[in-house]
Trainee: 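Handing you this structure, nothing more for now.
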Amino acid sequence: MSEILKIVCSYCTKEKKVGDYYISHSPFHQGTGRLHVCKVCLLKNINDKKSLINTLRMIDKPFIDQLFLSSLEESNKTNKAVWSLYMKNVSMGQYKSFNWNDSEFEGHKKVTAQEVIDNENILSEIEEEIVTLDKDELRFLVNFWGKGFEVESYIWLQQEYEDFLNRYECDSKGMELLIKEICLQQLDIKNRRANGEKVDQQLKTLQDLLGSSNLKPVQETGANAVEQETFGTLIKKYENEKPIPEPDEKWKDVDKVSKYIRVFFLGHLTRMLGLKNEYEEEYWEEIDKLTVEEPVMDDEELDNGEL
């Protein structure tokens, strides 16, 4: 392959030397290794932070808030354009292979679940509402959904998966796999829409998965919604899959109903039958609390005439 010396800018349509274009590691630019818009045309479209972010999105470059602030500070010292400094900084070190999906905006640091598992100190740096899992739960989610997702993506996937299981009968491994793929496909569609990408093919794949699972609204057979199940079927499902846990000690008998039954029914019955057991002892303990005894006065009180 011959060396490329000049590239036609897709914005101004002028042929310019390779050095007039920023380096790009995107697979869409692998033919030239450069962006398809020249440096001059890009700079013309940058007038504030918002336009800078929009331009980065269009050329598939990441917006890193920390880099933007450092470039802004450097611009104030050197009087160079913020855009030029930012593009220089984002093309070096760990950021050179980043694309728009790797953007880090103010107040939100993108952290993968594996990073949290490897370094527990990261937990304090993530937004509080995102970190609702401990390391063992994160490790389970990584094993179940696969590596490479962010923490909030794992949480979203698991919530969506559990929502499907609560709404539809899932009694086979094949059904679980289909629901899992549906959730992954939904996440892919969600992320693509957030990036302004088309999702026609992904929606078709989602429709096929729903059809294979018999989960389309028009399908009346197959997996039935919870609302269509009988009461007995639901009880069986709850007993097998989600049994009611034992309550905390303080909530076991709030109204003391079980105590009343033990004392005044079982305890009284055992006393009548002359049995000796824990119910009979508890019965007499409670009766002693309720028994009023005639006061007994000593000789000194009698001499003083006290009644």
Side-chain angles (χ1 to χ4, degrees), residues 4 6-112 125-127 129-130 148-153 156 185-203 206:
I4 298 175
K6 290 188 176 183
I7 302 173
V8 176
C9 175
S10 61
Y11 189 85
C12 65
T13 69
K14 294 180 181 179
E15 189 178 53
K16 299 183 179 182
K17 58 183 180 180
V18 174
D20 290 334
Y21 298 83
Y22 288 111
I23 295 174
S24 173
H25 296 277
S26 172
F28 295 107
H29 303 139
Q30 62 183 353
T32 61
R34 302 279 174 163
L35 293 176
H36 56 276
V37 182
C38 68
K39 296 178 180 179
V40 175
C41 292
L42 286 172
L43 186 58
K44 286 179 181 179
N45 288 276
I46 309 298
N47 49 49
D48 56 16
K49 183 178 179 180
K50 183 178 180 181
S51 60
L52 183 145
I53 292 175
N54 286 335
T55 302
L56 289 171
R57 178 176 56 80
M58 288 188 286
I59 64 175
D60 198 26
K61 285 285 188 179
F63 175 80
I64 310 296
D65 188 66
Q66 184 179 357
L67 277 185
F68 173 75
L69 295 176
S70 62
S71 300
L72 190 62
E73 184 179 349
E74 187 178 352
S75 174
N76 293 331
K77 294 178 180 179
T78 62
N79 209 25
K80 293 181 179 180
V82 177
W83 167 258
S84 301
L85 294 171
Y86 181 86
M87 289 300 291
K88 177 199 70 173
N89 295 332
V90 83
S91 299
M92 296 188 301
Q94 68 184 89
Y95 304 109
K96 64 181 181 180
S97 60
F98 280 21
N99 57 27
W100 175 252
N101 284 338
D102 299 304
S103 298
E104 295 177 7
F105 294 92
E106 182 182 5
H108 176 66
K109 181 179 179 182
K110 297 176 80 171
V111 180
T112 64
E125 302 175 13
I126 310 176
E127 295 180 48
E129 63 270 19
I130 293 177
F149 297 107
E150 299 169 26
V151 177
E152 55 264 47
S153 295
W156 187 90
Q185 192 64 27
Q186 283 183 291
L187 179 64
D188 185 32
I189 292 172
K190 177 171 169 283
N191 291 336
R192 287 176 181 272
R193 281 179 170 164
N195 295 328
E197 301 176 26
K198 293 183 178 180
V199 293
D200 297 344
Q201 184 59 45
Q202 287 72 27
L203 285 173
L206 178 61

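All values below come from the heavy atoms of this structure, side chains included, with hydrogens, waters and symmetry mates left out. Everything numeric in this text was worked out from a predicted model, so none of it was measured.
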Trainee: Please tell me if the side chains of T32 and V18 come closer than 4.5 Å, counting only heavy atoms from C-beta onward.
Mentor: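 They are not in side-chain contact.
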Trainee: Roughly how far apart are I59 CD1 and T55 OG1, rounded to 0.5 Å?
Mentor: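 That separation rounds to 7.0 Å.
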Trainee: Just verifying a value: how many Å separate D60 CG and W100 CH2, rounded to the nearest 0.5 Å?
Mentor: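 Interatomic distance, D60 CG to W100 CH2, rounded to 0.5 Å: 9.5 Å.
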Trainee: Can a donor-acceptor pair be found, under 3.5 Å and without considering hydrogens, that links the side chain of Q202 to the backbone of Q185?
Mentor: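 It does not hold such a pair.
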Trainee: Test side chain to side chain contact (heavy atoms under 4.5 Å, CB included) on L206 and Q186; report intermediate values, then the result.
Mentor: CA-CA 7 Å; L206 178 61; Q186 283 183 291; 4.2 Å; yes
Trainee: Below 3.5 Å, can you tabulate the donor-acceptor pairs from side chains in residues 36-45 to any protein atom, sequence neighbours excluded?
Mentor:
{"residue": "H36", "atom": "ND1", "partner": "H29", "partner atom": "NE2", "Å": "3.2"}
{"residue": "K39", "atom": "NZ", "partner": "G19", "partner atom": "O", "Å": "3.2"}
{"residue": "N45", "atom": "ND2", "partner": "C41", "partner atom": "O", "Å": "2.7"}

Trainee: Consider only side-chain N and O atoms of S51 and N54, and report whether a donor and an acceptor are under 3.5 Å apart.
Mentor: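 There is no such pair between these side chains.
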Trainee: Are D65 and E104 side-chain neighbours, meaning at least one heavy-atom pair lies under 4.5 Å?
Mentor: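 Answer no - side chains too far apart.
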Trainee: Is the backbone N or O of R34 less than 3.5 Å from a side-chain atom of S24, with the two atoms forming a donor-acceptor pair by type?
Mentor: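 Side chain of S24 to backbone of R34: no pair is present.
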Trainee: What side-chain donor-acceptor pairs closer than 3.5 Å can you find for residues 77-93, not counting sequence neighbours?
Mentor:
{"residue": "T78", "atom": "OG1", "partner": "E74", "partner atom": "O", "Å": "2.8"}
{"residue": "T78", "atom": "OG1", "partner": "K80", "partner atom": "N", "Å": "3.4"}
{"residue": "Y86", "atom": "OH", "partner": "P62", "partner atom": "O", "Å": "2.6"}
{"residue": "Y86", "atom": "OH", "partner": "I64", "partner atom": "N", "Å": "2.8"}
{"residue": "K88", "atom": "NZ", "partner": "E74", "partner atom": "OE2", "Å": "3.1"}
{"residue": "N89", "atom": "ND2", "partner": "S71", "partner atom": "OG", "Å": "2.9"}
{"residue": "N89", "atom": "ND2", "partner": "L85", "partner atom": "O", "Å": "3.1"}
{"residue": "S91", "atom": "OG", "partner": "M87", "partner atom": "O", "Å": "2.7"}

Trainee: Side chain to side chain contact (heavy atoms under 4.5 Å, CB included), that's the test. Do S103 and F98 meet it? Break it down for me.
Mentor: CA-CA 8 Å; S103 298; F98 280 21; over 6 Å; no
Trainee: What do the steps show when you test F68 against I53 for side chain to side chain contact (heavy atoms under 4.5 Å, CB included), and what is the final call?
Mentor: CA-CA 10 Å; F68 173 75; I53 292 175; over 6 Å; no
Trainee: Give the minimum heavy-atom separation between E15 and K6, together with the two atoms involved.
Mentor: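 Of all heavy-atom pairs spanning E15 and K6, the closest is CG-CB, 3.7 Å.
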Trainee: Which distance, rounded to the nearest 0.5 Å, do you find between the CG of L67 and the OG of S70?
Mentor: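 The CG atom of L67 sits 5.0 Å away from the OG atom of S70.
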Trainee: Can K190 be said to sit on top of W156's aromatic six-ring, NZ or CZ under 6.0 Å from centre and within 45° of the ring axis?
Mentor: yes
Trainee: Going from CZ on R57 to CG on L52, what distance comes out if it is rounded to the nearest 0.5 angstrom?
Mentor: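 Spacing of CZ (R57) from CG (L52) equals 12.5 Å.
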Trainee: Hey, does I7 have a side-chain heavy atom less than 4.5 Å from the side chain of K16?
Mentor: no
Trainee: Search all heavy atoms of S153 against all heavy atoms of F149 and return the closest pair with its distance.
Mentor: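 Shortest heavy-atom separation between S153 and F149 comes out as CB-CB, 4.0 Å.
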